[in-house]
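Shown next, in C-alpha cells, is the structure this report addresses.
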Protein chains: 2
Amino acid sequence: MIRARREALGCHSLIRGDCLSVMRRMPIGSVDVVVTSPPYNLGLAYRSYKDSLSEENYLTWMEAICRKIARVMRDDGSFFLNIAGSSAQPWLPFELMVRLREIFNLQNHISWVKSIAVGEITYGHFKPVNSSRYVNRNHEHVFHLTKRGDVEIDRLGAGVPFTDKTNIPRRQHGEDRRCRGDTWYIPYETVRSKTARFSHPSTFPVALPERCIRLHGVRSDMVVLDPFMGTGTSLIAAESLGVRGIGIESDTGYVRIARKRLRSMLQQTG
Amino acid sequence: MIRARREALGCHSLIRGDCLSVMRRMPIGSVDVVVTSPPYNLGLAYRSYKDSLSEENYLTWMEAICRKIARVMRDDGSFFLNIAGSSAQPWLPFELMVRLREIFNLQNHISWVKSIAVGEITYGHFKPVNSSRYVNRNHEHVFHLTKRGDVEIDRLGAGVPFTDKTNIPRRQHGEDRRCRGDTWYIPYETVRSKTARFSHPSTFPVALPERCIRLHGVRSDMVVLDPFMGTGTSLIAAESLGVRGIGIESDTGYVRIARKRLRSMLQQTG
DNA sequence: AGAGCCGCTGAATCCTTTT
DNA sequence: CAAAAGGATTCAGCGGCTC
C-alpha cells in the first residue's frame with residue numbers, strides 16, 4: 001500500500017491516494033461542499049462490464065465512499081454527485097440513488113443539459129451515437145444530497161435574470177435574479193478545445209462544479225472537496241470562487257495535470 | 001365492483017374503469033405503444049403521503065400495473081412512462097425504476113425539460129417554488145421501457161434540423177434531420193391556457209405523447225394505450241398522428257372531458 | 001467549401017469458452 | 001465434437017467542429 005502524498009498549492013490541497021483511506025483520516029465535519037464525478041470502471045477489478053457482479057461491486061464500493069463523504073461533511077454541507085447512465089448500465093444511477101437513501105437525503109435533482117433543441121435551434125454540443133435503438137445522450141444527473149434534507153441553499157447564487165422584468169421590484173432583494181431551477185444548460189467543451197488543453201476522459205466543464213458551489217452558497221472560509229479530482233476541474237472552480245479546495249486522485253498522471261492547471265491559474269490571477 | 005364501460009369515438013376507445021382489471025381482459029401483445037403519466041396518490045388508501053408504507057403500497061401497485069402493461073404490449077412495443085419526483089417523494093421515480101428492472105429494459109431515459117435558461121434567455125414556463133432549500137422543478141422523467149431492450153426506434157421521427165447543414169448530403173436519407181437526443185424541450189401550457197380549457201392536475205402537453213409515439217415509429221395499423229387517460233391528452237396525440245388510441249380512466253368526470261376533447265377534435269378534422 | 005477528426009460510442013465479428 | 005454462449009476485438013457511423 002502506497003502512502004498518500006499531499007501537496008499544497010495556494011490554499012488548496014492536492015492529494016495523491018485512494019480517496020477511501022484519505023477521507024478516513026480527514027477530520028469529521030470539515031467539508032462544506034463535496035462535488036465530484038466518480039468514474040464508472042475504477043476502484044475494483046472486474047471481468048466484463050456487463051455482468052451483474054461488477055455492478056454489485058461498484059455499487060458497494062460507491063456506497064462505502066459515500067459513507068466516508070458523509071463522515072467528512074458538515075451537517076449543513078452539500079454533496080453534488082454527477083453521474084450518467086449508459087446503454088450498458090442504464091440502471092446504475094437509479095440503483096445508486098436507492099442505495100444512498102440510507103445515508104443521505106435527496107434534496108434536489110438537477111438535470112445537466114449538455115445540448116437541447118429549442119424549436120429549430122440546437123444549443124450546445126453532444127456526441128452523436130450510431131444506433132437504431134438508442135437516442136443521443138444529451139444529459140447527465142447531478143444529485144444534490146444532504147445529511148439533514150433541509151440545508152439552506154443560495155437559490156440566487158446560481159441564478160439567472162428574470163424574463164419578466166416587472167418581477168424585479170416585487171422581490172425584496174431588488175436584483176434582476178431568479179432561481180435557475182433544476183435544468184442546467186452547460187455545454188460540453190468542444191473536442192478540439194479539450195485536446196488543446198489536457199486530455200481526460202471525463203472532464204466535466206468547470207461551470208458545473210462552480211454552479212454547484214454557488215448554489216450551496218459561497219463563504220470565504222468554506223472548504224470544497226472532490227474525492228475523484230481527475231484533472232482538477234473542481235479545484236479550478238473552487239479557486240475561481242476564492243474558496244479552499246481539496247482534491248484526491250489515485251492516478252499520478254491526473255494529479256500532475258491538475259497541478260499544472262491549477263498552478264497556471266494561480267499565476268494568471270496573482 | 002362497477003363493470004368497465006367502453007365507448008368508441010372514431011377509431012378510438014374510451015374505457016371507464018380500473019386499468020388493472022381492464023388490461024387483464026385485453027388481448028396479449030395487442031398494443032404497440034403505451035404512453036402514460038400515472039397519478040401519484042391514486043389507487044390506494046394511505047394516511048400521510050410521507051410515510052413509507054404509502055410509498056411501498058404505491059410502488060407495489062405500480063409494479064402490478066406495469067406487469068399488466070407488459071402483458072398487453074407487443075414484444076417490439078414501447079412503454080413511455082412519464083413521472084416526476086417531488087420534494088416529499090424525491091426517491092419515488094428511482095425506486096420505481098429499480099422495481100421495474102425485472103419487468104422491462106430501460107432502453108432510453110428522456111429528460112422532459114419544461115423550462116431552461118440558455119445564457120441570459122429563459123425558455124418555457126415554470127411554477128416557481130418558494131423555498132430556501134429546494135430549487136424550482138423544471139424537468140420530469142420520461143422512461144422508455146421495452147420488453148426486449150433492442151426495440152428499433154425511429155430516431156428521425158422526433159428529429160430536429162441539423163445545425164451544420166453540410167451534414168445533409170452526407171446522410172443517405174438526404175433530409176435536414178438528425179436525432180433529437182434525450183433532452184426534450186416542451187414548454188408546459190401556461191396557467192391561463194390550462195384553466196381556459198379543462199382543468200386536470202397532471203395534464204401533460206400533447207406534444208409529449210406525440211413525440212413518444214413518433215420516436216417509437218408511426219404505422220397506420222398501430223395501437224396506442226394510455227392506462228391513465230385523464231383528460232385524454234394521449235388520445236389527442238394518437239388522433240393527430242392518425243393512429244388508434246385506447247384510453248382507460250376510472251374517474252367519470254375525466255372520461256367526460258376526454259370524450260368532449262376528442263369529439264371536438266374529430267369534428268374539426270372531418 | 002470540403003474533408004477528416006473524435007468520443008466514459010454501438011453493432012458486428014471473431015474467438016474463446018462451455019454444454 | 002458440434003453447437004451455442006459470451007467475452008473481447010474491430011469496424012463503422014453520428015454530427016458539430018476544425019483545419
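Every chain is numbered from 1, with letters handed out A, B, ... down the list of sequences.
Look at CD on B/Glu152: it is 11 Å from C1' on C/dA11, rounded to the nearest Å. A/Lys127 has its NZ atom 21 Å from the P atom of D/dA12, to the nearest Å. In this structure, A/Phe126 atom CZ and C/dC6 atom C1' are separated by 14 Å, rounded to whole Å. Regarding A/Lys114, its NZ atom lies at a distance of 16 Å from the P atom of D/dG15, rounded to whole Å. When the P atom of C/dG10 is taken as reference, atom CG of A/Asn136 falls 11 Å away, rounded to whole Å. In this entry the distance linking CD of B/Gln107 with P of C/dA11 reads 9 Å, nearest Å. Across the protein-nucleic acid pair, B/Asp182 atom CG and C/dT9 atom P stand 14 Å apart, rounded to whole Å. Taking atom CG of residue B/Asp150 and atom C1' of nucleotide C/dA12, one finds them 14 Å apart after rounding to whole Å.
For CZ of B/Arg219, the number of neighbouring non-hydrogen atoms (other residues, nucleotides, ligands) closer than 6.0 Å is greater than 12.
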- [ ] Quick one: do B/Phe143 and A/Phe94 satisfy ring-ring contact (aromatic ring centres under 6.0 Å, His included)? Show the steps, please.
- [x] CA-CA 12 Å; B/Phe143 296 105; A/Phe94 312 127; 5.6 Å; yes
Open item on the list: Before you tell me yes or no, could you show the steps for A/Thr122 and B/Arg180 under side chain to side chain donor-acceptor pair (under 3.5 Å), namely the whole-Å CA-CA distance, both residues' side-chain angles and the distance that decides it to 0.1 Å?
Closed with: CA-CA 9 Å; A/Thr122 298; B/Arg180 177 188 293 270; over 6 Å; no
Task: Working for salt bridge (Lys or Arg N to Asp or Glu O under 4.0 Å), residues A/Glu140 and A/Lys114 - done: CA-CA 8 Å; A/Glu140 294 191 12; A/Lys114 295 185 266 191; 2.8 Å; yes
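Toward the 5′ end of DNA chain C lies the nearest nucleotide of A/Pro128, the other residue of the pair A/Pro128 and A/Arg137 mapping further downstream. Nearest-nucleotide positions on DNA chain D place A/Asn130 closer to the 5' end than the other of A/Gly124 and A/Asn130.
At a threshold of 4.0 Å, the pair B/Arg101-A/Glu95 counts as salt-bridged, since one of the basic side-chain nitrogens sits closer than that to a carboxylate oxygen.
Look at A/Ser87 and you'll find a side-chain N or O under 4.0 angstrom from OP1 or OP2 of C/dG10. Put simply, B/Asn167 has a side-chain N or O that comes within less than 4.0 Å of OP1 or OP2 on D/dG16. Between B/Lys165 and the phosphate of D/dG16, there is no side-chain N or O to OP1/OP2 separation shorter than 4.0 Å. Proximity of A/Arg133 to the phosphate of C/dA11: a side-chain N or O atom is located under 4.0 Å from OP1 or OP2. Phosphate contact (OP1/OP2 of C/dA11, side-chain N/O of A/Ser131, threshold under 4.0 Å): present.
If you check every strand for non-hydrogen atoms under 4.0 Å, A/Pro38 touches a base.
Judged by distance alone, the side chain of A/Glu249 and the main-chain N or O of A/Gly230 form a donor-acceptor pair under 3.5 Å. Formation of a donor-acceptor pair under 3.5 Å by the B/Arg211 side chain with backbone atoms of B/Gly157 is not found in this model. In this structure, B/Gln107 contributes its side chain and B/Val151 its backbone to a donor-acceptor pair below 3.5 Å. Proximity of a side-chain donor or acceptor of A/Arg263 to a complementary backbone N or O of A/Leu9 within less than 3.5 Å is not detected.
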Task: Under the 3.5 Å Watson-Crick or G-U criterion, the dot-bracket string of DNA chain D, with | for inter-strand pairs - done: ..||||||||||.||||||
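Residues A/Leu208 and A/Phe80 have side chains not in contact (no heavy-atom distance under 4.5 Å, counting atoms from C-beta outward).
Distance from the side chain of A/His125 is smallest to D/dC17 among D/dC17, C/dG10, D/dG15. The side chain of A/Val129 sits closest to C/dG10 out of C/dG10, D/dG15, D/dC17.
Contacts between residues 170-179 of chain B and DNA chain D, defined by a heavy-atom separation below 4.0 Å, involve B/Arg170, B/Arg171, B/Arg178, B/Cys179, listed by number.
Taking atom P on both C/dC8 and C/dA12, the two are 22 Å apart, rounded to the nearest angstrom.
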